[in-house]
Chemist: 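One structure is given below, represented as structure tokens, and several questions about it will come after.
All residue numbers in this chain count up from 1 along the given sequence. What's counted below: heavy atoms across the whole structure, side chains too, no hydrogens, waters or symmetry copies.
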Amino acid sequence: MPGRKKKAHEARLRRKGFIPVRLKVKKKIAVPKATRMASISKMESLEEAQPGSLDEFPFLSDPKTMEYVEGSRTMFIMRGLPGCGKSSLAKQIADAYGNTVVCSADSFRYVNGVYVFDRNKLQESHEKCRELARLSADSSINVLIVDNTNIRVWEFKYYLEIARRRQYTVVLVEPRTPWKWDVHELGKKNSHDVPERKIREMAGRYEIAVPLYFGWFLNGDDSARVLTVGEQVLKQLGEVREFAEEFKCYSESGTGYLDLTKYFTREAFTGNKNSVHCTAMFTKYGKVPGSEAYTTSEMVVNSCGQVFRIEIVGFLITPRTFGARVRLTAYQKKLWGQDDYETVNHGTPVRGVRSRNISGESEGWDGGLPSSPSLSNRFAGLGIEEEIFDEGAADNLANSATEHESEDTERDYKFCPTWGFGRRAHITLGCAPGIPPVQTGLDLIEVISTEAMTSDLSGMESTHESAASDLESVTSELSLISDPGTFSIKKGEARCYGDGRWVVYLDKSIHVDAMFSGFY
């Protein structure tokens with residue numbers, strides 16, 4: 001922040017009753033003047049026992065995750081009943097990182113260093129807590145910790161809005177102490193003498209927070225990097241005569257040079273338009289069958305807040321969508337909950353280009369998200385942990401996967417880099433006007449089916465038993481097509497699969513770190 005703007009910002013904070021305080025990284029942040037000593041006093045006098053082993057939380061034990069958090073924007077929203085260990089855990093997170101602010105309504109209830117709960121000032125304390133969070137986010141604090149009970153989802157909705165606006169990845173954190181639901185123990189352990197009756201009442205109102213979707217979220221720098229590479233790919237494709245001829249009607253350039261960077265936009269996207277992610281499971285706030293079981297499964301709970309390496313193997317371009325293809329590792333497939341065989345729905349035809357579904361029949365977009373019968377059948381009424389998230393079952397589903405963590409890993413099948421379970425994984429980079437982002441995955445499903453018909457998979461058939469059945473199902477749905485044209489561009493090779501469907505296969509995969517969490 002330039003010197004003049006920085007001084008003006010500090011002056012604004014002072015007028016609001018906040019003062020700059022130096023942290024370990026020697027960055028100035030805003031902390032309430034009347035709260036500094038009170039917060040220290042609160043932490044020193046906590047009677048809550050320490051939460052379980054730090055190994056239970058990747059953001060406190062995994063070096064890769066901690067490095068990611070240190071250089072990104074992450075908001076930890078604590079949840080739990082009084083006495084369960086929230087504030088102790090919040091302090092551990094704050095101690096682990098430098099540029100951190102803890103926002104707690106309790107911090108604004110101290111009078112001369114003594115905690116005083118005044119019901120008439122309850123709203124005021126939460127308003128000050130929200131203001132501290134907003135000012136901290138505006139000051140680009142790396143780690144924001146919201147340390148309130150947050151029993152119901154609406155209670156932390158304001159912080160979610162801040163996270164969206166300021167490009168923070170949100171991680172909901174609940175202590176894993178053995179007594180977290182033991183009302184009697186909580187009554188003895190909480191530091192503010194909250195009676196058992198009140199705690200029992202709060203426990204009855206506790207809500208499971210099911211997000212819109214779970215996924216792997218890239219930070220601001222890596223999101224910008226992937227979007228930039230995507231633009232480069234579009235421009236390189238524009239130099240291919242066959243591609244330019246097919247897509248010239250979508251370019252707004254009056255120079256004759258094909259420019260699709262303005263045609264594909266992110267206007268229809270939820271959240272921050274500059275952040276990208278790879279969806280692992282669309283849960284629609286609990287409306288998708290099995291979404292609550294997925295949310296509370298041990299695999300998902302333990303993985304939230306953990307950083308994974310994501311491998312981008314290519315790009316997909318159709319008249320509707322533009323996306324990056326992601327190849328999941330065996331472990332990442334254990335978190336995969338999307339339907340890889342969902343009915344393809346092209347939506348509203350785009351500027352006269354003929355579109356078809358797998359069966360070749362016309363199909364229009366109804367303005368909503370596509371139904372997923374197979375996904376519903378797969379999760380409805382099942383013990384989801386036995387079906388998908390038990391390690392043995394997940395390994396069986398992902399038995400064809402190989403850990404592609406190294407940048408030097410060679411792909412076995414260049415023109416069919418993703419197939420089988422998890423094949424739909426992608427990052428949507430842009431959509432045509434009026435097309436929702438979900439269409440990218442549906443376009444990818446169709447392209448992968450077409451790839452299977454045009455790629456030499458003889459080696460795959462002998463190595464992987466599932467490939468033969470995959471090919472049979474594809475053959476029954478697709479008529480034979482001619483061999484696609486292959487064109488060289490700077491970053492790899494491009495192929496056309498008809499109906500405006502193009503795929504770029506990268507010579508070298510792009511690897512980025514991404515945090516697994518939910519979008520609420």
Side-chain angles (χ1 to χ4, degrees), residues 230 233-234 236-250 258 260 263-264 312-327 340-347 349-363 411-420 423-432 435 439-457 460 467 470-489 491-507:
V233 166
L234 286 178
Q236 290 174 20
L237 275 174
E239 298 174 2
V240 176
R241 181 177 59 81
E242 289 81 356
F243 180 88
E245 190 67 25
E246 191 165 12
F247 277 80
K248 64 182 180 181
C249 60
Y250 310 124
L258 183 64
L260 295 178
Y263 172 71
F264 292 115
I312 296 173
V313 296
F315 293 87
L316 168 73
I317 305 96
T318 76
R320 296 162 296 277
T321 59
F322 174 44
R325 295 178 65 172
V326 173
R327 178 161 55 198
D340 291 312
Y341 298 91
E342 189 169 350
T343 302
V344 175
N345 187 349
H346 282 317
V350 183
R351 294 196 186 180
V353 168
R354 183 171 64 88
S355 62
R356 63 180 182 181
N357 59 14
I358 289 179
S359 63
E361 298 173 356
S362 299
E363 192 168 6
R411 296 194 292 272
D412 294 332
Y413 307 102
K414 183 171 185 178
F415 295 114
C416 194
T418 60
W419 59 280
R423 65 181 187 166
R424 180 183 178 171
H426 67 279
I427 298 172
T428 300
L429 302 179
C431 293
I435 301 298
Q439 186 65 40
T440 310
L442 303 179
D443 285 352
L444 181 56
I445 289 173
E446 181 179 352
V447 164
I448 292 172
S449 297
T450 310
E451 283 177 334
M453 291 298 299
T454 58
S455 296
D456 180 10
L457 300 180
M460 188 183 296
D470 279 352
L471 284 175
E472 288 180 8
S473 63
V474 170
T475 303
S476 64
E477 294 175 338
L478 284 173
S479 58
L480 291 175
I481 62 173
S482 59
D483 290 337
T486 303
F487 308 89
S488 294
I489 63 173
K491 291 190 176 296
E493 292 183 277
R495 274 192 169 187
C496 173
Y497 291 100
D499 289 346
R501 300 170 303 175
W502 286 71
V503 177
V504 171
Y505 303 91
L506 295 174
D507 287 336

Chemist: Is there a side chain to side chain contact (heavy atoms under 4.5 Å, CB included) between Ile317 and Phe247 once you walk through the steps?
Modeler: CA-CA 10 Å; Ile317 305 96; Phe247 277 80; 4.0 Å; yes
Chemist: Hey, is the main chain of Cys416 close enough, under 3.5 Å, to the side chain of Glu451 for a donor-acceptor pair?
Modeler: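 Such a contact is absent between Glu451 side chain and Cys416 backbone.
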Chemist: One pair to check against side chain to side chain contact (heavy atoms under 4.5 Å, CB included): Leu429 and Phe315. What are the steps and the verdict?
Modeler: CA-CA 10 Å; Leu429 302 179; Phe315 293 87; 3.7 Å; yes
Chemist: With side chain to side chain contact (heavy atoms under 4.5 Å, CB included) as the criterion, how do Phe487 and Arg241 come out once you've worked through the C-alpha distance, each side chain's angles and the decisive distance to 0.1 Å?
Modeler: CA-CA 10 Å; Phe487 308 89; Arg241 181 177 59 81; over 6 Å; no
Chemist: Which heavy-atom pair separates Tyr497 from Tyr505 by the least distance, and what is that distance?
Modeler: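 Of all heavy-atom pairs spanning Tyr497 and Tyr505, the closest is OH-OH, 2.6 Å.
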Chemist: Val313 versus Lys414: any side-chain heavy-atom pair under 4.5 Å?
Modeler: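 Contact flag for Val313/Lys414 side chains = no.
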Chemist: Rounded at 0.5 Å granularity, tell me how far CD1 in Ile448 sits from OH in Tyr341.
Modeler: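 It comes to 9.5 Å.
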Chemist: In Å, rounded to the nearest 0.5 Å, how long is the span from CG of Leu316 to CG of Leu444?
Modeler: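 CG of Leu444 is found 5.5 Å from CG of Leu316.
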Chemist: Ile312 and Leu506: which non-hydrogen atoms are nearest, and at how many Å?
Modeler: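 Result for this residue pair: O-CD1, 3.8 Å.
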Chemist: Report the C-alpha distance between Glu342 and Ile445 in whole Å, list the side-chain angles of each, state the deciding distance to 0.1 Å, and finish with yes or no for side chain to side chain contact (heavy atoms under 4.5 Å, CB included).
Modeler: CA-CA 8 Å; Glu342 189 169 350; Ile445 289 173; 4.1 Å; yes
Chemist: How far does OG1 of Thr428 sit from CD1 of Ile435, to the nearest 0.5 angstrom?
Modeler: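 Going from the OG1 atom of Thr428 to the CD1 atom of Ile435 covers 12.0 Å.
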Chemist: Quickly, which of Arg325, Arg423, Arg327 forms a side chain to side chain donor-acceptor pair (under 3.5 Å) with Thr418? Name it, please.
Modeler: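 Testing each of Arg325, Arg423, Arg327 against Thr418, the sole residue satisfying side chain to side chain donor-acceptor pair (under 3.5 Å) is Arg325.
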Chemist: For Gly420 and Asp340, which heavy atoms make the closest approach, and how far apart are they?
Modeler: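 Result for this residue pair: O-OD2, 3.9 Å.
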Chemist: If only atom types and distance count, is the side chain of Arg501 paired as donor or acceptor with the main-chain N or O of Val447 below 3.5 Å?
Modeler: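 Looks like no, no N/O pair under 3.5 Å.
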Chemist: Just verifying a value: how many Å separate Arg495 CZ and Thr450 OG1, rounded to the nearest 0.5 Å?
Modeler: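 OG1 of Thr450 is found 12.0 Å from CZ of Arg495.
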Chemist: Roughly how far apart are Leu237 CG and Trp502 CH2, rounded to 0.5 Å?
Modeler: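 The CG atom of Leu237 sits 7.0 Å away from the CH2 atom of Trp502.
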Chemist: Using modelled atom types only, decide if a donor and an acceptor are shared between the side chain of Tyr263 and the backbone of Pro319 within a distance under 3.5 Å.
Modeler: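 Yes, Tyr263 side chain to Pro319 backbone: donor-acceptor pair under 3.5 Å.
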Chemist: Can you give me the closest heavy-atom contact between Thr440 and Cys431, atom names plus distance?
Modeler: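 Heavy-atom minimum between the residues: OG1-SG, 4.4 Å.
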Chemist: Do the side chains of Leu260 and Phe243 get nearer than 4.5 Å, heavy atoms only?
Modeler: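 Yes, at least one pair of side-chain atoms sits under 4.5 Å.
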Chemist: With a 3.5 Å distance limit and no angle check, can you tell me whether Gln439 reaches the backbone of Arg320 through a side-chain donor-acceptor pair?
Modeler: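 It does not hold such a pair.
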